[in-house]
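Have a look at the structure below before the remarks.
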Amino acid sequence: MVGAVPKSPATSGDPAPMAYDDVVRAYEPVLGLETHVELGTASKMFCSCSTVFGGEPNTQVCPVCLALPGALPVVNGTAVESAIRLGLALNCSVASWCRFARKNYFYPDMPKNYQISQYDEPLCTDGHLDVTVESADGPREFRIGIERVHMEEDTGKTAHVGGATGRIHGADYSIVDYNRAGIPLLEIVTKPIEGAGELAPEVARAYVRELRDLARALGISDVRMEEGSLRCDVNVSLMPVGGDEWGTRSETKNVNSLRSVDRAVRHEMERQAGVLEAGQRVVQETRHFQEDSGSTVSGRSKEEAQDYRYFPDPDLVPVAPSAEWVEELRATLPELPAAKRVRIQSEWQLSDEELRDLVNADAIDLVAATVDAGAPPAEARKWWLNELSRRATETEVPLSGLPITSAQVARVVALVEEGTLTNKLARQVVDGVLNGEGEPDDVVEARGLKVLSDDSALGAAVDTAIADNPDAAEKIRGGKVAAAGALVGAVMKATGGQADAGRARELILERLGVS
């Protein structure tokens, strides 16, 4: 239950936070989520510079994204297409005419001293996304309203060197990498989310996960939160239960994992309730999430829209997608995640719990691709949810980040099914693939991992096992056939797990005169 989660630590300067159970008895949370999806285009939003992640600092820049005098931006058509496809998948209306604006503020990692974004004329508006969360009474569905989907450009990246916190205060100096400046972003802004109550953290997490899966299914982004290609700003306010006026909101910036979205909502609910119960007022501000403690710390007072002095960008022509083009893009939409889950559950005959395990492990697409490559669903699930999930946890990478493909997992399953490998040997093959030793068949050949099944190879090991275990052999001769398991184990040990256990058992019984 949510009430069993330890209370968040107090933020410096704030009263002690309220216990979560007490918060949801006294207050109704109102959420708003602003999610940034970094598009997987080959070039930036307004120039032809590369968007490849991890380049040497300041090598993927040009006069346009560095805002040198006289350089003029040109809109990336693929980014517009991606925005429309996401808007359609979110059940939005697509504008027949919209334009870009300049959002003015000073950041050292924004070369122009303004950001090209969209303000009062976004490309996509008024949609929704349905999510399901588990409650004490079973699954509950929430419809999250989508206010807008608009296009903009990303900022660069500033690193503060020296000091204990990695932030500008106390740093010796700061360095800026402009490679990311100008990369296409889509910002998806929800309408206020009310009525979630104690499930508010889970609803926020489920929404971001569903949005991530949607963008991934559309192929518009790799949505890797650990690399910053999906980031979420979490807005939280509280109003007294039975009230009708929202409280002052805080905005926790750039939350970069699903777990952190959950924790940020929970902490802000507890923190704000503690402030209100102490007779103080909640300050409208941006805050920063602390991964180590699960708390947030104050950033700066939150500007209103007018503080940014938005005005239409004079260097960019309006975007005017035709109705015909929008319908052409609608026809390209793939099977969306919610529909895919329904189909998979039916085809694979999964229980609700089994489907939930796949969703929670972020394994549906991996397992589905393994099945498409020829593996039975049960075997594909077993490998991804057990062995490979354990490897992902050990190496602290996402399941999808393991250096093994669904096709390779399907081949390992096939080698087990055809009798070439035992499950124990198959795990060694997976080790080899993960270590970069090649395809599964290459690992089998190089490591000599094939199952020994011919009588000549097994006979000596069987004879040795019988000679070394006379008590077990005598029991078998006396009719206690179950004792053969001990001898089979000895054969398996002697052959390094490569013996065909079934054939070894047959040979043991033959040698001991048991039919």
Donor-acceptor side-chain pairing of [X] and [Y] below 3.5 angstrom:
X: Glu354; Y: Trp348; value: no
X: Thr296; Y: Arg287; value: yes
X: His267; Y: Ser295; value: no
X: Ser298; Y: Glu285; value: yes
X: Gln290; Y: His288; value: no

Output yes when a side-chain donor or acceptor of [X] lies under 3.5 Å from a complementary backbone atom of [Y], and no otherwise.
X: Ser221; Y: Glu38; value: yes
X: Thr51; Y: Thr41; value: yes
X: Lys44; Y: Asn179; value: yes
X: Arg381; Y: Ala363; value: no
X: Arg249; Y: Val282; value: no

Within this structure, what is the [atom1]-[atom2] distance for the pair [X] and [Y], rounded to the nearest 0.5 Å?
X: Ser260; Y: Glu291; atom1: OG; atom2: CD; result: 3.0 Å
X: Asn104; Y: Tyr308; atom1: CG; atom2: OH; result: 11.0 Å
X: Leu214; Y: Leu90; atom1: CG; atom2: CG; result: 5.5 Å
X: Thr155; Y: Gln115; atom1: OG1; atom2: CD; result: 7.5 Å
X: Leu358; Y: Gln345; atom1: CG; atom2: CD; result: 10.0 Å
X: Arg216; Y: Leu230; atom1: CZ; atom2: CG; result: 9.5 Å

May I have the step-by-step check of side chain to side chain donor-acceptor pair (under 3.5 Å) for Trp384 and Ser389, ending in yes or no? CA-CA 6 Å; Trp384 283 107; Ser389 286; over 6 Å; no
Applying side chain to side chain donor-acceptor pair (under 3.5 Å) as the test, list every pair that has at least one member in residues 54-67; sequence neighbours left out. none
Check this for me, if you would: do [X] and [Y] make a salt bridge, where the nitrogen-to-carboxylate-oxygen distance has to be below 4.0 angstrom?
X: Arg148; Y: Glu34; result: no
X: Arg390; Y: Glu394; result: yes
X: Arg343; Y: Glu335; result: yes
X: Glu251; Y: Lys253; result: yes
X: Lys191; Y: Asp126; result: yes
X: Arg85; Y: Glu81; result: no

Quick one: closest heavy-atom pair of [X] and [Y], and the distance?
X: Ser43; Y: Asn76; answer: O-ND2, 3.2 Å
X: Ser406; Y: Ala373; answer: O-CB, 4.4 Å
X: Ala215; Y: Val223; answer: CB-CG1, 3.7 Å

Residues that Asn254 engages under side chain to side chain contact (heavy atoms under 4.5 Å, CB included), provided they are two or more places apart: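 Here the qualifying residues are Arg231, Asp233.
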Go through the structure and list residues passing side chain to side chain contact (heavy atoms under 4.5 Å, CB included) with Ala204, not counting sequence neighbours.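 With sequence neighbours excluded, Ala204 shows a side chain to side chain contact (heavy atoms under 4.5 Å, CB included) to Leu31, Leu33, Val261, Val265, given in chain and number order.
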My understanding is that only residues two or more places apart in sequence, or in another chain, count here; which of them pass side chain to side chain donor-acceptor pair (under 3.5 Å) with Asp357?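 Listed in chain order: nothing, the list is empty.
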Does Gln272 have any side chain to side chain donor-acceptor pair (under 3.5 Å) partners at least two apart in sequence or in another chain, and if so, which? Ser250, Glu268
Would you sort out whether Val94 and Cys124 count as a side-chain contact (heavy atoms from CB on, under 4.5 Å), showing the intermediate values? CA-CA 5 Å; Val94 179; Cys124 305; 4.3 Å; yes
Of Arg102, Lys103, Gln118, which is the lone residue that meets side-chain hydrogen bond (donor to acceptor under 3.5 Å, both in side chains) with Asp313?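 Of all the options given, the one that passes is Arg102.
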Checking Val75 against Val317 for the side-chain contact (heavy atoms from CB on, under 4.5 Å) test, could you report, in this order, the C-alpha distance in whole Å, the side-chain angles of both residues, the deciding distance, and whether it holds? CA-CA 9 Å; Val75 175; Val317 298; 5.8 Å; no
Run His150 and Glu121 through side chain to side chain donor-acceptor pair (under 3.5 Å) and show every step you take. CA-CA 9 Å; His150 69 255; Glu121 298 166 317; over 6 Å; no
Could you tell me how the ring of Tyr119 sits relative to the ring of Tyr310: parallel (under 30°), tilted (30 to 60°) or perpendicular (over 60°)? parallel
Could you tell me if the side chain of [Y] sits less than 4.5 Å from the side chain of [X], heavy atoms only?
X: Ile364; Y: Arg341; answer: yes
X: Met225; Y: Val208; answer: yes
X: Leu238; Y: Trp246; answer: no
X: Glu187; Y: Val149; answer: no

With salt bridge (Lys or Arg N to Asp or Glu O under 4.0 Å) as the criterion, how do Glu327 and Arg330 come out once you've worked through the C-alpha distance, each side chain's angles and the decisive distance to 0.1 Å? CA-CA 5 Å; Glu327 290 309 309; Arg330 191 190 302 275; 3.1 Å; yes
Run the salt bridge (Lys or Arg N to Asp or Glu O under 4.0 Å) check on Arg391 and Glu387 step by step: do they pass? CA-CA 6 Å; Arg391 306 298 180 90; Glu387 187 66 21; 2.5 Å; yes
Go through it in stages, so that I can follow the logic: the residues are Arg427 and Asp431, the test is salt bridge (Lys or Arg N to Asp or Glu O under 4.0 Å), and I'd like the CA-CA distance, side-chain angles, deciding distance and then a yes or no. CA-CA 6 Å; Arg427 287 191 287 273; Asp431 274 336; over 6 Å; no
Chi angles and distances behind the side chain to side chain donor-acceptor pair (under 3.5 Å) call for Asp222, Ser229: CA-CA 7 Å; Asp222 60 18; Ser229 54; 2.7 Å; yes
List the steps and the verdict of side-chain contact (heavy atoms from CB on, under 4.5 Å) for Leu415 and Asp441. CA-CA 9 Å; Leu415 289 170; Asp441 290 279; 3.9 Å; yes
Decide salt bridge (Lys or Arg N to Asp or Glu O under 4.0 Å) for Arg411 and Glu439; before the verdict, give the C-alpha distance in whole Å, the side-chain angles of both, and the deciding distance to 0.1 Å. CA-CA 9 Å; Arg411 180 56 184 158; Glu439 294 297 314; over 6 Å; no
Could you give me the CA-CA distance, side-chain angles and deciding distance for Val444 and Leu421, then say whether side-chain contact (heavy atoms from CB on, under 4.5 Å) is met? CA-CA 9 Å; Val444 170; Leu421 297 175; 3.9 Å; yes
Check: Tyr114 ring centre within less than 6.0 Å of Phe106 ring centre: no
Could you list all the salt bridge (Lys or Arg N to Asp or Glu O under 4.0 Å) pairs where at least one residue sits in residues 171-186, not counting sequence neighbours? Asp154-Arg180
